[in-house]
Peer 1: 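One structure, as structure tokens, below. Some questions next.
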2 protein chains.
Amino acid sequence: MSTGGVTGHAPTLEMVAARAGVSRATVSRVVNGSPKVSPDVAEVVREAIAALNYVPNRAARSLASRRTQAIALVVPESTSRVFNDPFFATLVQGVGLALAPTEYTLSMLIESETGSEKTRRYLLGGNVDGALVASHHTGDHSYAHVSQSLPVVFGGRPLDPTESVTHTVDVDNAHGAEIATQHLIDRGRQRIATIAGPQDMPPGVDRKRGWATALERAGLPDDAVEYGDFSPASGAIAMRRLLERHPDLDAVFAANDQMAIGAYSAIADAGRSIPGDVAIVGFDDDRYASTAMPPLTTVHQPSLEMGAEMARTLVRIIEGDEVASTTLLPTSLVIRQST
Amino acid sequence: MSTGGVTGHAPTLEMVAARAGVSRATVSRVVNGSPKVSPDVAEVVREAIAALNYVPNRAARSLASRRTQAIALVVPESTSRVFNDPFFATLVQGVGLALAPTEYTLSMLIESETGSEKTRRYLLGGNVDGALVASHHTGDHSYAHVSQSLPVVFGGRPLDPTESVTHTVDVDNAHGAEIATQHLIDRGRQRIATIAGPQDMPPGVDRKRGWATALERAGLPDDAVEYGDFSPASGAIAMRRLLERHPDLDAVFAANDQMAIGAYSAIADAGRSIPGDVAIVGFDDDRYASTAMPPLTTVHQPSLEMGAEMARTLVRIIEGDEVASTTLLPTSLVIRQST
DNA sequence: TTGTAGGCGTTATCAG
DNA sequence: CTGATAACGCCTACAA
């Protein structure tokens with residue numbers, strides 16, 4: 001059998017102890033920053049550590065202490081999707097930001113080729129102290145069961161509220177949709193349609209609900225609805241249908257920016273102008289929103305905050321603090337030129 | 001002290017052994033698929049495992065076996081950069097693809113907020129059996145030292161060739177630049193300039209060298225050079241200067257697509273047409289290349305293959321096989337409308 | 001303040 | 001084929 005190509009043996013705590021002329025316990029104390037070690041001894045130990053270039057072995061440490069100081073971010077989506085959806089980039093940044101001042105390490109598990117079984121084993125195999133599960137639009141909580149054996153924080157509420165066995169950080173989708181629609185109303189629009197998302201995804205239903213709420217309160221009709229799947233193409237199709245069935249519409253709330261962008265082309269094809277003939281507002285505030293022509297008014301999705309809040313929540317749970325089981329992050333409207 | 005919020009204790013190998021009425025050793029054999037276990041005993045053990053929902057503890061396993069079955073992909077760049085550079089998306093896919101049939105788990109370490117010291121400790125702390133280091137254009141090998149204690153495979157050659165203490169998978173940048181330039185020559189272009197990348201990054205120097213090689217072979221001048229930093233803006237500036245100093249140029253090879261895109265605008269501003277007045281070819285074949293107007297002829301960067309090859313190489317090293325210290329991946333020309 | 005000793009859950013080496 | 005019995009490297013009462 002081979003050695004694995006590596007030359008030197010990693011120095012152990014024992015070796016440090018020998019070199020420093022103290023016991024392993026003392027070295028351990030120094031390494032873990034225990035206050036009850038005399039300064040001079042600590043100094044000697046630190047020198048030995050530096051001289052040997054010692055780094056504690058995680059496996060041993062975690063076996064003994066029953067904690068790994070690592071948390072996993074599992075993303076139940078395809079690799080390409082993860083990398084092409086700006087939402088994730090920001091979310092990861094948020095997580096990293098929140099974890100920076102802590103001792104926790106983040107390890108990302110993208111479920112493309114990895115397979116959920118491998119992921120499950122990873123999570124349950126004592127690799128991490130907790131997990132963050134983030135899927136964008138889908139309210140996928142297929143990892144709900146692992147929360148029975150491991151602290152888990154989900155991004156986005158589950159589809160079935162009763163399933164909420166664990167902690168969730170979500171964006172206030174309903175309220176966001178409501179202020180978006182209210183903005184349209186304030187602009188004097190009378191016939192406001194919506195391109196809703198799939199009704200089997202929480203954001204899809206929540207955003208549609210928010211739209212209806214605003215309309216109802218204003219005494220306006222809420223019957224102009226078409227559904228898309230959050231893709232630009234589906235947005236175009238939905239918009240076309242909306243224009244056919246409700247020729248009098250003068251505004252539309254799209255459940256996400258990508259569908260809104262799709263709607264742009266359908267509106268142009270119909271010979272109508274934005275925002276002159278029809279005003280449009282999206283949701284997410286992704287990179288397409290600001291570069292669209294005209295720039296899209298949209299609801300800002302606090303992805304950075306979401307990542308950070310998820311991480312903070314998880315750490316609290318791990319450390320044994322009491323934490324609210326659901327955190328709702330506020331959304332805000334970004335007004336551009338499409339309204 | 002708190003329990004960490006988790007309810008049940010994880011079942012141990014010992015518990016499985018008890019339930020199955022065998023020794024721990026036997027359970028371990030079954031778990032690891034050892035052939036020397038009688039079928040009936042194995043069956044009983046498997047049932048016990050299923051009944052208890054047992055998952056081996058990684059820390060213990062890795063402590064005892066001195067291997068973690070995990071590898072790290074460290075990306076020494078900012079989070080936003082990682083997520084906005086299509087190169088990484090594909091690279092990660094390649095890694096995942098190559099790892100799928102193996103028992104290795106991938107954990108991504110993005111060096112945004114994480115900090116290199118934390119990363120170093122992670123790598124040296126026995127968390128992984130090996131590491132993949134990938135930076136896009138920068139030949140950053142600041143992790144070279146860890147290769148002394150851990151198998152490491154780098155993506156992209158180091159800036160200083162003598163520093164190559166370890167394994168590297170690289171794209172044949174020089175050859176790619178050469179065929180790109182040759183293509184321009186074949187198209188009958190006579191005055192071929194280049195927008196080169198930073199000369200402190202390997203791809204920057206290799207691509208410039210390839211360009212010069214082709215020109216020299218054809219007996220054409222290779223003095224029209226301007227430098228950029230791989231960003232679109234820098235490409236525009238370089239192109240403007242090129243047009244000023246060499247008004248007779250009829251073609252340009254840009255060291256990457258983003259700079260090529262930047263050059264597009266400078267060429268347009270100068271009132272010249274692409275490819276009529278000046279032909280242009282880029283490098284990378286990223287998503288901007290195909291959507292540019294006109295679509296950009298470019299050198300395809302085999303990022304998927306690169307990721308896969310890096311992973312395969314690392315696994316081989318870990319398993320103790322002999323592996324060539326440098327693998328050069330071939331590049332190919334994608335001809336579109338800019339030439 | 002420091003050292004001693006036992007154990008964390010697995011693997012691996014030997015006997016049987 | 002199966003079962004004791006050491007490690008593996010570190011943490012943590014408990015003792016000194």
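All chains are named by letter (A, B, ...) in the order of the sequence lines, taking the proteins before the strands, and each is independently numbered beginning at 1.
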Peer 1: D/dT12 P sits how many Å from A/Leu13 CG, rounded?
Peer 2: 12 Å
Peer 1: Any base atoms under 4.0 Å from B/Val31, or only sugar-phosphate, or nothing? Heavy atoms, all strands.
Peer 2: nothing
Peer 1: Side chain to side chain contact (heavy atoms under 4.5 Å, CB included) between B/Ile317 and B/Val153: does it pass, once the steps are laid out?
Peer 2: CA-CA 9 Å; B/Ile317 300 175; B/Val153 172; 3.8 Å; yes
Peer 1: Side-chain contact, heavy-atom cut-off 4.5 Å: B/Arg61 with B/Val31?
Peer 2: yes
Peer 1: Is a side-chain N or O of A/Asn32 found less than 3.5 angstrom from the main chain of A/Ser34, in a donor-acceptor match?
Peer 2: no
Peer 1: Would you say D/dT2 has OP1 or OP2 under 4.0 Å from some side-chain N or O of B/Ser38?
Peer 2: yes
Peer 1: Please check the phosphate of D/dG3 (OP1 and OP2 only) for any side-chain N or O of B/Thr26 closer than 4.0 Å.
Peer 2: yes
Peer 1: Just the rounded figure in Å: distance from P of D/dC8 to CG of B/Asn57.
Peer 2: 18 Å
Peer 1: Roughly how many Å is it from CZ in A/Arg24 to C1' in D/dC10, rounded to a whole number?
Peer 2: 8 Å
Peer 1: Nearest to the A/Arg66 side chain among D/dC10, C/dC8, C/dT2, which nucleotide is it?
Peer 2: C/dC8
Peer 1: Would you kindly give the CG-to-P distance between A/Asn127 and C/dG9, to the nearest whole Å?
Peer 2: 15 Å
Peer 1: Looking at side-chain heavy atoms only, is the closest gap between A/Tyr122 and A/Val74 below 4.5 Å?
Peer 2: no
Peer 1: In whole Å, I'd like the distance from the NZ atom of B/Lys36 to the C1' atom of C/dC14.
Peer 2: 11 Å
Peer 1: Counting only side-chain nitrogens and oxygens, does B/Arg61 get under 4.0 Å of the OP1 or OP2 atom of C/dT11?
Peer 2: yes
Peer 1: For the pair B/Val45 and B/Arg29, evaluate side chain to side chain contact (heavy atoms under 4.5 Å, CB included) and give the outcome as yes or no after the intermediate values.
Peer 2: CA-CA 10 Å; B/Val45 172; B/Arg29 292 192 183 96; over 6 Å; no
Peer 1: Rounded to whole angstroms, how far apart are CZ on A/Arg29 and P on D/dG9?
Peer 2: 21 Å
Peer 1: Contact class for B/Val22 vs. all strands (heavy atom < 4.0 Å): base, sugar-phosphate, or nothing?
Peer 2: sugar-phosphate
Peer 1: Just to confirm, is there a sub-4.0 Å distance from OP1 or OP2 of C/dT11 to any side-chain nitrogen or oxygen of B/Ser65?
Peer 2: no
Peer 1: Check whether any side-chain nitrogen or oxygen of A/Thr12 sits under 4.0 Å from OP1 or OP2 of D/dC8, and answer yes or no.
Peer 2: no
Peer 1: How about A/Ser38 and A/Asp40: does a side-chain donor come under 3.5 Å of a side-chain acceptor?
Peer 2: yes
Peer 1: Around atom CD of B/Glu14, are there more than 12 heavy atoms of other residues, nucleotides or ligands at under 6.0 Å?
Peer 2: no
Peer 1: For A/Leu123 and A/Ala131, work out which heavy atoms get closest and say how close.
Peer 2: CD2-CB, 4.0 Å
Peer 1: Measuring to OP1 and OP2 of C/dT11, would you say a side-chain N or O of B/Ser28 lies under 4.0 angstrom away?
Peer 2: yes
Peer 1: Check every atom of C/dT2, C/dA12, C/dC8 against the side chain of A/Ala64 and return the nucleotide holding the closest atom.
Peer 2: C/dC8
Peer 1: Among the candidates C/dA12, D/dC8, C/dT4, find the nucleotide nearest to the side-chain atoms of B/Ala25.
Peer 2: C/dA12
Peer 1: For the helix from C/dT1-D/dA16 to C/dG16-D/dC1, what is the angle between the axes at its two ends, each from 5 pairs, rounded to 10°?
Peer 2: 30°
Peer 1: How long is the line joining CD of B/Glu14 and C1' of C/dT11, in whole Å?
Peer 2: 14 Å
Peer 1: Side chain of B/Asn32, heavy atoms from C-beta onward: which of D/dT2, C/dT11, D/dC10 has the nearest atom to it?
Peer 2: C/dT11
Peer 1: Could you tell me how far apart A/Leu63 (CG) and C/dC8 (C1') are, to the nearest whole angstrom?
Peer 2: 4 Å
